[in-house]
Amino acid sequence: MCGIVGAVAERDVARILLEGLKRLEYRGYDSAGMAIADDAGRIHRRRAVGKVASLEAALAEEPLAGHTGIAHTRWATHGRPTDANAHPHMARGQVAVVHNGIIENYEALRRDLEGAGYTFESQTDTEVVANQVHRHMASGADLLAAVQATVAELDGAYALGVMAADEPGRLVAARRGSPLVIGLGIGEHFIASDVFALLPVTQRFVFLEEGDVADVRRETVAIHDRGGKQVERPERLSEVSPDAVERGGYRHFMLKEIHEQSHALAETLEGRLSRDAVLPEIFGPDARPIFDRLQRVQIVACGTSYHAGLIARYWFESLAGLPCDVEVASEFRYRRHVVPDGTLFVTISQSGETADTLAALREAKNLGFAASLAICNVPESSLVRESDLVLMTRAGPEIGVASTKAFTTQLAGLLLLVAALGRRHALTAESEAGLVAALHDLPAAVERVLALEPDIADLAERFVDKRHSLFLGRGAQYPVALEGALKLKEISYIHAEAYPAGELKHGPLALVDADMPVVAVAPNDELLEKLKSNLQEVEARGGELLVFADDRVQFTPRDGLTVLAVPSVHELVAPLVFTVPLQLLAYHVAVLKGTDVDKPRNLAKSVTVE
Ligand code: HGA
């Protein structure tokens, strides 16, 4: 979602800020802006709707230069994407603010400020922050005190970067509910919503905690907690290499990330398996006594991660013999719960900053769960820091908005958890050995399925002129169908629905005609014959069928039916393997349609607003 970069340095900061914004582009945004204080104590600002390149063009025409600055990529929540709504927002030319998140009480604050003579130039919730800081400074507070007083008056979520014209060489940063890091340099310091933005200038970071306000100057960084007390926060070295966010030879990040899945899975499984068992220590030293008490599992996640949870439910119940519920985080957090004893609360999130998932975790802490466990791809994230137990996926940075390698590595992580818990319940040593053998073979199996890409690219042509499509699966392949439909929607903008194949005749069959391609996933499992009957129902209505089928499955060749053989794998890992061709299908349809594959319209990468 939106991104923040800020810098206080002896050198000119404009270039650092612009490079930082470019590195945040993958998160999705609709406009961008920058404000820099000049040596005469005036703040100058440039803003542009659209890509960072438009801002760059505006800066080429009218450059900014100076030693203190903030910049932002905006993903609108309040007010349309326009120049006037783009950040930084300013108050009377004196205070400039960039903000990620939502100020929930902005209307009341705005009325109050208008009553005090402040005027507003935007429809955003953010502008109240600039004016409120100005108001506190006008009554004598310095920048730090003014920001502290302002955040105490805000409801909602924010990461903020604030500067004032008459306090050059100083940035004040604050966070609650949206991530913010301080980048440490020598004689220069930085702020950003994501470490990627700052990797060209530093690898040393301090992660602000909830409620922190940081006073950032060239030589010093002082962090104050929510009570105003000065605190030390640990410095961490980022392990992400600056080039991990390059596209390599691939046309899009998404394609690169699809192809990285075999390696990402190998990394995620590395050191976690013996020849025939999942190693017991991989969830950390605290896990054993917690796992011994567990009787059931509640999974909470959003989007693609939610689909991973839906697949895991089949595994938890069929393999581990543990009851498992799965719910989207935005629903979970707003209803009452009855939590049975011994329930593990599992969150799944690529970024670990997904606002609804994080809020659900915080909510869950008061609900009597036995413990929380996060499956996540970003070690420094809030979700990881706030969970009792953690299993890191090791997918590496995922830049494409449509999640691919994060999803399959989450599934691998979930299988590890199923084994770790299952052996205390219904999982036999023999079944665990079978699962582990399948996991050992998984990276190679994914390589084999990636080799189908040229055939899938050909099949994609059939979708280009279609407006709707249907995805079908049964059992654990039903969430795979959901994920395939989501991928197609996200990046090709073709309306796609997924159904459990047995539901077809209860409604969606009415939609089937020659203009509605139907995609099915058909592993060689006990539901195969049932699925085949469902597919006959589609054919009988003139629908065109594309079936990704286990290579041992026989289909009689006929008109209207295209079968692509997927290399056969163990039933338990089939959901991971069958996901890959669906990702490739969505990717190639989107490329043919000419959409912005890595940054599809209206969407953002880590969704840090509710
Ligand atoms: N509410 C602010 C910032 C939006 C945001 O954080 N998006 O991710 C606005 O609408 O400008």
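Just so you know, ligand 1 is whichever comes first in the structure, and atom 1 is the first atom listed for that ligand. Any value given below was found using the heavy atoms of this structure, including those in side chains, with hydrogens, waters and symmetry copies removed.
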Asker: Hey, is ligand 1 close enough to Asn85 that some N/O pair sits below 3.5 Å?
Answerer: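 In this structure, Asn85 places no N or O atom under 3.5 Å from an N or O of ligand 1.
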Asker: Does an N or O from Ile102, backbone or side chain, lie closer than 3.5 Å to an N or O of ligand 1?
Answerer: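 No, no N or O pair falls under 3.5 Å.
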Asker: Check whether any N or O atom of Asp125, backbone or side chain, sits under 3.5 Å from an N or O atom of ligand 1, and answer yes or no.
Answerer: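 So ligand 1 has an N or O lying under 3.5 Å from an N or O of Asp125.
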Asker: Look only at the side chain of Asp38 and the backbone of Gly66, and say whether a donor-acceptor pair between them is shorter than 3.5 Å.
Answerer: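 Not at all, since once roles are kept as given, no pair shorter than 3.5 Å links the two residues.
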Asker: Compute the ring centroids of Phe345 and Phe332, then answer whether they are less than 6.0 Å apart.
Answerer: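 Close enough - the centres of the two rings lie under 6.0 Å apart.
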Asker: Pull out every atom of ligand 1 sitting under 4.0 Å from any heavy atom of Gly101, numbered as shown with elements.
Answerer: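 Every atom of ligand 1 under 4.0 Å from some heavy atom of Gly101: 1 (N), 2 (C), 3 (C), 4 (C), 5 (C), 6 (O).
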Asker: Taking distance alone, with no angle check, do Cys2 and ligand 1 share an N/O pair under 3.5 Å?
Answerer: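 Yes, since at least one N or O of Cys2 sits under 3.5 Å from an N or O of ligand 1.
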Asker: Name all residues meeting the salt bridge (Lys or Arg N to Asp or Glu O under 4.0 Å) criterion together with Arg601; count only those two or more places apart in sequence or in a different chain, and write none if there are none.
Answerer: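 If we apply the salt bridge (Lys or Arg N to Asp or Glu O under 4.0 Å) test to Arg601, skipping adjacent residues, there are no hits.
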Asker: For atom 1 (N) of ligand 1, tell me which residue out of Thr77, Thr124, Thr126, Val98 has the closest non-hydrogen atom.
Answerer: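 Among Thr77, Thr124, Thr126, Val98, the closest heavy atom to atom 1 (N) of ligand 1 belongs to Thr77.
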Asker: Should His99 be counted as touching ligand 1, given the test is an N or O pair under 3.5 Å?
Answerer: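 No, since none of the N or O atoms of His99 sits under 3.5 Å from an N or O of ligand 1.
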Asker: Report all side-chain donor-acceptor pairs from residues 112-120 shorter than 3.5 Å, counting only partners two or more places apart or in another chain.
Answerer:
from, atom 1, to, atom 2, distance (Å)
Asp112, OD2, Arg135, NH1, 3.1
Tyr118, OH, His134, ND1, 2.8
Tyr118, OH, Arg135, N, 3.3

Asker: Tell me, please: is Gly79 in heavy-atom contact with ligand 1, that is, under 4.0 Å?
Answerer: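 False for this residue.
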Asker: Checking the side chain of Ser381 only, and the main-chain atoms of Val378 only, is there a donor and an acceptor separated by less than 3.5 Å?
Answerer: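 Side chain of Ser381 to backbone of Val378, a donor-acceptor pair under 3.5 Å: yes, one is there.
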Asker: Compute the ring centroids of Phe407 and His307, then answer whether they are less than 6.0 Å apart.
Answerer: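 So the answer is no for these two rings.
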